[in-house]
Amino acid sequence: MSTRELLMIPGPVEYLPEVLQAVGERSGSHVGREFIARFGCALKGLREIFRGRFAQPLVLAGSGTLAMELAAANLVEPDDEVLVVNTGYFSDRMGLLLERHGARVTHLRPATLGEVPPLGEIDAALAMRGRYKLVTVTQVDTSTGVLAPVEAIARRARAHGALILVDAVCAAAGEELRQDDWGLDAVVTASQKALGVPPGLAIASIGPRALEVHRARRSPVRAFYCDWSHWLAVHQAYERGELAYFATPPLNLINALQTSVGQILAEGMEKRATRHRRMAQALRAAWRALQLEAVPRREAQMAHTMSALYYPAGLDSSLLTRISEEGVVVAGGLHPALKARYFRVGHMGAVGAQEILATAGAVGTALAKMGARVDPSAAVAAAEEALERSE
Ligand SMILES: *Cc1c(COP(=O)(O)O)cnc(C)c1O
């Protein structure tokens with residue numbers, strides 16, 4: 001390709017030029033005033049992004065999985081009971097790593113992939129055991145494109161005295177998320193998804209109840225590097241503008257995070273969630289015009305940061321190559337039970353109408369070239385119309 005392809009996968013995403021420029025800046029000393037000020041500023045911004053004024057944001061080198069692992073390592077002790085509200089592959093992963101840290105994990109799965117377990121079943125599961133220490137939920141499971149009702153699930157967990165841990169890796173800074181108002185005890189994410197920063201940052205926001213549970217542990221956290229105590233101390237110091245050291249931070253990525261956080265807050269959280277909604281709705285109109293069926297069964301449970309779509313009958317992953325020949329990169333399947341039957345499109349971060357229309361056009365053209373009886377221009381028109389209607 002002579003022109004650059006447009007990356008539309010569920011993370012990593014396309015980055016704003018200002019963010020990429022920040023990655024390349026000379027970063028100086030990791031305990032210098034200038035860097036500490038930028039780190040502190042990024043952390044204060046994250047409080048607004050998570051809407052967690054009473055929570056402590058943490059940022060360390062690693063991917064989203066490390067942020068999940070830290071939460072597990074710090075919140076559970078051997079034989080603690082955990083309920084995983086399971087909506088796909090990343091809920092399975094949360095269960096696996098909780099078990100690795102000694103938890104007894106019960107998975108509550110929906111009848112069919114592409115659904116959320118009904119709230120009534122979550123109530124029943126919580127009432128039956130009555131002693132879950134922790135409930136986990138994946139806000140957007142990137143393997144199914146399912147959006148879980150985090151607020152409603154958190155309310156139930158709290159009513160039963162359990163902590164609530166949210167995997168918001170594919171949601172934070174894209175979907176609506178209100179840590180304080182919804183009473184979320186720990187929220188984890190990563191840089192390369194809707195936060196719009198290159199991969200390499202594990203991010204978390206730890207609420208007061210989770211901090212309390214962590215402080216009251218009977219046994220020490222088993223991995224020195226993973227112990228929140230060190231990270232809490234150093235992050236609190238950064239926010240106060242004090243020079244502090246625990247482990248060398250990834251300076252260039254932190255600088256990029258500070259830049260991206262600034263852009264996100266300049267847009268405003270309300271507007272940002274609305275834009276993700278609009279873009280998702282426009283793409284849904286295109287998918288309908290192309291007769292593509294989504295993995296999530298219900299409209300209300302479809303993510304706004306990505307789409308998971310079944311291949312039409314007779315087509316397979318060779319469609320992805322065709323789409324990339326039209327200039328757009330999308331992702332294959334991830335959930336082992338469905339892997340060969342569907343593909344995924346990311347639409348989070350800095351996406352606007354231009355990217356959405358290009359994606360609708362590329363997917364439509366590729367389908368038509370592979371013999372599907374669809375009209376790519378009708379798909380683009382449907383997306384355009386949805387965008388105009390929601391302006
Ligand atoms: C991407 C993702 C992860 C894993 O993040 P990595 O950065 O790849 O470790 C976890 N959960 C969800 C929901 C994700 O989308």
Side-chain angles (χ1 to χ4, degrees), residues 7-15 50 58-73 82 84-98 100 105 107 109-110 113-114 116 135-150 153 164-177 184 186-205 225-226 250 253 256-257 260 276 280 295-296 301-308 329-336 338-339 342-349 351:
L7 186 61
M8 296 293 279
I9 64 175
V13 300
E14 293 283 353
Y15 309 114
F50 289 113
L58 303 180
V59 181
L60 53 138
S63 78
T65 306
L66 182 68
M68 293 161 75
E69 181 122 45
L70 258 78
V82 180
V84 173
V85 178
N86 195 310
T87 52
Y89 176 90
F90 286 107
S91 309
D92 287 339
R93 172 171 291 188
M94 187 67 96
L96 288 171
L97 54 85
L98 284 159
R100 188 66 71 89
V105 175
H107 288 272
R109 297 174 198 276
L113 265 181
V116 181
V135 175
T136 76
V137 61
T138 315
Q139 189 170 13
V140 171
D141 198 296
T142 320
S143 71
T144 52
V146 167
L147 171 70
V150 168
I153 294 170
I164 175 90
L165 163 62
V166 181
D167 171 355
V169 179
C170 194
E175 302 287 353
E176 187 186 12
L177 177 76
L184 311 179
V187 181
V188 297
T189 190
S191 48
Q192 76 276 18
K193 305 217 180 170
L195 280 170
V197 178
L201 298 178
I203 299 172
S205 182
Y225 187 82
C226 287
L253 286 176
L257 177 69
S260 192
H276 279 84
V295 174
Q301 296 176 352
M302 288 182 188
H304 303 101
T305 49
M306 62 167 291
S307 302
V329 179
V330 299
L334 176 63
H335 198 289
L338 296 175
K339 207 172 166 60
Y342 77 115
F343 67 106
R344 298 173 303 145
V345 180
H347 32 91
M348 63 189 126
V351 287

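When a ligand or atom number is given, it counts from 1 through the structure's own listing order.
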For His276, give me all partners under side chain to side chain donor-acceptor pair (under 3.5 Å), at least two apart in sequence or on another chain. none
So which protein residues pack against ligand 1 under 4.0 Å, heavy atoms counted? Ser63, Gly64, Thr65, Met68, Phe90, Thr138, Val140, Thr142, Asp167, Val169, Cys170, Gln192, Lys193
Side-chain H-bond candidate by donor/acceptor type, His107 with Ser91, under 3.5 Å: no
Output all residues satisfying side chain to side chain contact (heavy atoms under 4.5 Å, CB included) with Pro199, sequence neighbours left out; order by chain, then residue number. Pro12, Tyr15, Gln192
Check ion pair Asp141-Arg93 (N to O, under 4.0 angstrom): no
Start with the C-alpha distance between Thr87 and Thr144, add both sets of side-chain angles, then the distance that settles side-chain hydrogen bond (donor to acceptor under 3.5 Å, both in side chains), and finish with yes or no. CA-CA 7 Å; Thr87 52; Thr144 52; 5.1 Å; no
Using side chain to side chain contact (heavy atoms under 4.5 Å, CB included) as the criterion, list what pairs up with Glu176, not counting sequence neighbours. Arg178, Trp182
